[in-house]
Protein chains: 2
Amino acid sequence: MNQTPHTNKDNVGIVSPQTLHFSQPLQLACGQVLAAHDIVFETYGELNADKSNAILICHALSGHHHAAGYHSSEDKKPGWWDSCIGPGKPIDTSAFFILSINNIGGCNGSTGPTSINPETGKIWGPDFPPLRCRDWVESQKLMMEHFGISQWAAIIGGSLGGMQAMRWALEYPDSLRHCVVIASAMKLSAQNIAFNEIARTAITRDPDFHGGRYLEHNTLPRQGLGLARMIGHVTYLSEDGMMEKFGRELKAGNFVRGRHDGVEFQVESYLHYQGENFSSGFDANTYLLMTKALDYFDLAREYQDDPIAAFSNAKCQFMVMSFTSDWRFAPSRSREIVDALVAAGKEVSYAEIEASHGHDAFLIPIPRYMDVFQGYMQRVSDELKNLSQPSAIPGDRHAL
Amino acid sequence: MNQTPHTNKDNVGIVSPQTLHFSQPLQLACGQVLAAHDIVFETYGELNADKSNAILICHALSGHHHAAGYHSSEDKKPGWWDSCIGPGKPIDTSAFFILSINNIGGCNGSTGPTSINPETGKIWGPDFPPLRCRDWVESQKLMMEHFGISQWAAIIGGSLGGMQAMRWALEYPDSLRHCVVIASAMKLSAQNIAFNEIARTAITRDPDFHGGRYLEHNTLPRQGLGLARMIGHVTYLSEDGMMEKFGRELKAGNFVRGRHDGVEFQVESYLHYQGENFSSGFDANTYLLMTKALDYFDLAREYQDDPIAAFSNAKCQFMVMSFTSDWRFAPSRSREIVDALVAAGKEVSYAEIEASHGHDAFLIPIPRYMDVFQGYMQRVSDELKNLSQPSAIPGDRHAL
């Protein structure tokens, strides 16, 4: 064992993001065309000779390319999914080549609202085209081609990332062998849309928002974005989990009978910290764009609202996971996915994990979650040994 | 049957609010003293000769004195609890004299942040003393004395109103025979506090808030208050209820593949309407004050956090009701109340009502809710006949 966590055997160590420039036009679902774009990404593990061991990680609302390891030895925190990606972890870097990108529309280096619009020479800001999940799939497809990968061993995503993984399975059924969908849904509920709309309203009503042109005004809608994050954060946690973590503990002082000036519950200061932290590092236009993509995602809309018909196109195997206390993407939403897959005659494994962490559970190394995830990924890894023939696509193996 | 709903046999018809001025000082829990105060109230039904048929209605966060009937024949909507108060309804005006007041700190006519501080001659605004549930009980006690009522037949409240009813049962055990606690809790959870704090943050960060002195600046923090209401509203509804009501229906237009300018889900416009409607009629300082009172309510804090010890003081009978889809004040919170009451040897009835309306269910005439409520209140009404002796206090009748 080494001295710092950055070089421990159970993580990928120091990693460096890279950027790829795509100069071919990208046709977007909205009708607009992105003339060129950059993608910032990280890779973990080694691509094997027949390029059959590649895994694509799709990130969620506020995620990015930095999923595992550390950027420097000074980093206090590893990538956002370091719990699941690394040697000996479910997404095992000793078996797989893992590609983790920042989606277009993001604010961590890939082309998005904070980038320069080449046509105007100005920051895109609110004029950045609205995106849909399928646009991310198209952009991820270009990355796939760049690496010369003809089929992903697996595409894996939680939440909004799971929506991208499912969209891949429908749009490019021959391009993946496994689709791992964690804490996701085929579409948002009215309540989910409502929370997103409240968060957007908090942002757009911030006087520093300036119709989305805050950067031109040398400002940021910090208050609104902070508030949006606070709302999001509460909904990503469970009631029981919050009670375990904070209870009704006060930050300082005691209750004087009836007096409450300056008295603050721990949960309040925690939320304010989360909001402030987020609002200085995340782009408000990206937040708006991402939540809209979430709201409008509807897996089966173009299949006459029939999820069975939608999934009939898929050829890959599916692993679906959910968490008992997740009320934003409840287990019932995952069971709808599973039911549709079963009805469509697809191979699907499903695990509902007991967890008190709410939606955030998918980021946390809960033992049973890790065991189930690892077990499934071991199968994916075992298959690699039998994949010397590139023609062995899953459609041939388990057509029903 | 008459032609307009305002004079139907099943409602109390046209009612007029009245105002009482109390010139005696009211000692508040915070240590401050309210030198004098006004209470605006309505009454329904007739006080009987021995004044044994009086019922106190305690309102919730954004409630007020206008609980039943109409203020004029032009009114489109009746009072907020017209579903439960009226001839032949659970709180039957042909049996009971019902007193419904606007609590101090409110913004509907009783002394509160929008009133003039007699010491300064200016609007109280943010300087209005912070209140606790027990302050409302003290103020309600003055009303009780004004009417010469020595014992309430029942004190009834939903949500924050239920907290007041329980506080009455502990502080003045001889002053009520029945305590009806609907969709309430002995204290808020961390999640509840978190939602309240987000709502408060939305208000206080509104540039028109001016540290609570918006009226002096001839403005209102409409955006912040609207946002606060939107947050509250989502949490008062259930996910299933919202899905039933709104689904993913669009307000206008259709999805163009990926295009979303101007497309709006029904649930979004509904929430904006709720927010705007509320923010023009409710006082922001009152909202802050009421949510703080909610957060700090902790039934057993002064009983070494032992709810059984707390309830041991009570002498009345209890009726507790909750609603299956209420996640803000979940059935589990009501069961905690019931368990403590049972352990304290008190008489308690409990009903968990199947309902998809979330926390708002307590305002809705759901058949089983009405039946159970009516059944219990019939008992309260039947008792009146045996109450010729004022000494027949419940402590004597069912001491255990």
Side-chain angles (χ1 to χ4, degrees), chain A residues 28-32 129-132 134-135 187-195 197-198 201-202 205-207 223-224 226-227 230-231 233-234 237-240 242-243 245-248 255-261 263-268 270-272 275 292 295-296 298 301-302 327 330, chain B residues 28-32 129-132 134-135 187-195 197-198 201-202 205-207 223-224 226-227 230-231 233-234 237-240 242-243 245-248 255-261 263-268 270-272 275 292 295-296 298 301-302 327 330:
Chain A
L28 301 173
C30 66
Q32 296 184 57
L131 297 179
R132 291 274 291 279
R134 61 179 73 247
D135 295 320
K187 58 188 175 188
L188 293 197
S189 69
Q191 189 192 64
N192 269 321
I193 294 171
F195 279 122
E197 177 62 9
I198 293 170
T201 302
R205 286 187 184 174
D206 186 319
Q223 307 279 22
L227 207 50
M230 289 167 80
I231 296 163
H233 208 82
V234 176
L237 303 176
S238 76
E239 177 156 38
D240 288 349
M242 288 183 90
M243 213 58 190
K245 192 165 181 176
F246 307 107
R248 290 172 54 85
F255 279 102
V256 178
R257 201 173 145 120
R259 192 78 216 161
H260 55 55
D261 300 12
V263 173
E264 203 181 28
F265 289 101
Q266 285 286 10
V267 67
E268 294 174 302
Y270 170 79
L271 272 183
H272 282 290
K292 277 289 184 188
D295 287 3
Y296 291 118
D298 189 342
R301 188 190 297 129
E302 286 157 42
W327 56 281
Chain B
L28 301 174
C30 66
Q32 297 184 58
L131 297 179
R132 290 273 291 278
R134 61 179 73 247
D135 296 319
K187 57 187 175 188
L188 292 197
S189 68
Q191 188 191 64
N192 269 322
I193 294 171
F195 278 122
E197 177 62 9
I198 293 170
T201 303
R205 286 187 182 173
D206 186 319
Q223 307 279 22
L227 207 51
M230 290 167 80
I231 295 164
H233 208 82
V234 176
L237 302 176
S238 76
E239 177 156 38
D240 288 348
M242 288 184 91
M243 212 59 189
K245 193 165 180 177
F246 307 109
R248 290 172 52 86
F255 279 103
V256 179
R257 200 173 145 120
R259 191 78 215 161
H260 56 56
D261 300 12
V263 173
E264 202 182 27
F265 289 100
Q266 286 285 9
V267 67
E268 294 174 301
Y270 170 79
L271 273 182
H272 282 290
K292 277 287 183 188
D295 287 3
Y296 290 118
D298 189 343
R301 187 190 297 128
E302 286 158 43
W327 57 279

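As the structure is a prediction and not an experimental result, all values here were calculated from the model. FYI, side chains are in, hydrogens and waters are out, and symmetry mates aren't considered; it's all heavy atoms of this structure. Every chain is numbered from 1, with letters handed out A, B, ... down the list of sequences.
Here A/Gln191 pairs with A/Ser189, A/Phe195, A/Trp327, B/Val234, B/Glu239, B/Met242, B/Trp327 under the side-chain contact (heavy atoms from CB on, under 4.5 Å) rule; sequence neighbours left out. With sequence neighbours left out, A/Glu197 forms a side-chain contact (heavy atoms from CB on, under 4.5 Å) with A/Arg200, A/Thr201, B/Glu268, B/His272.
Closest heavy-atom contact between B/Ala194 and A/Val267: CB-CG2, 4.1 Å. Heavy atoms only, all atoms of each residue included: B/Asp295 and A/Arg248 are closest at O-NH2, 2.9 Å. A pairwise comparison of heavy atoms in B/Ala190 and A/Gly247 identifies CB-O, 3.4 Å as the closest pair.
Counting heavy-atom pairs closer than 4.5 Å to chain A, the top-ranked of the candidates B/Asn192, B/Ile193, B/Leu271 is B/Ile193. Taking chain B as the reference chain and counting heavy-atom pairs below 4.5 Å, the highest number among A/Gln223, A/Met230, A/Met243 is found for A/Gln223.
Between B/Ile198 atom CD1 and A/Ile198 atom CD1 the span is 9.5 Å, to the nearest 0.5 Å.
Within the 4.5 angstrom heavy-atom criterion, atoms from both the backbone and the side chain of A/Lys187 approach chain B.
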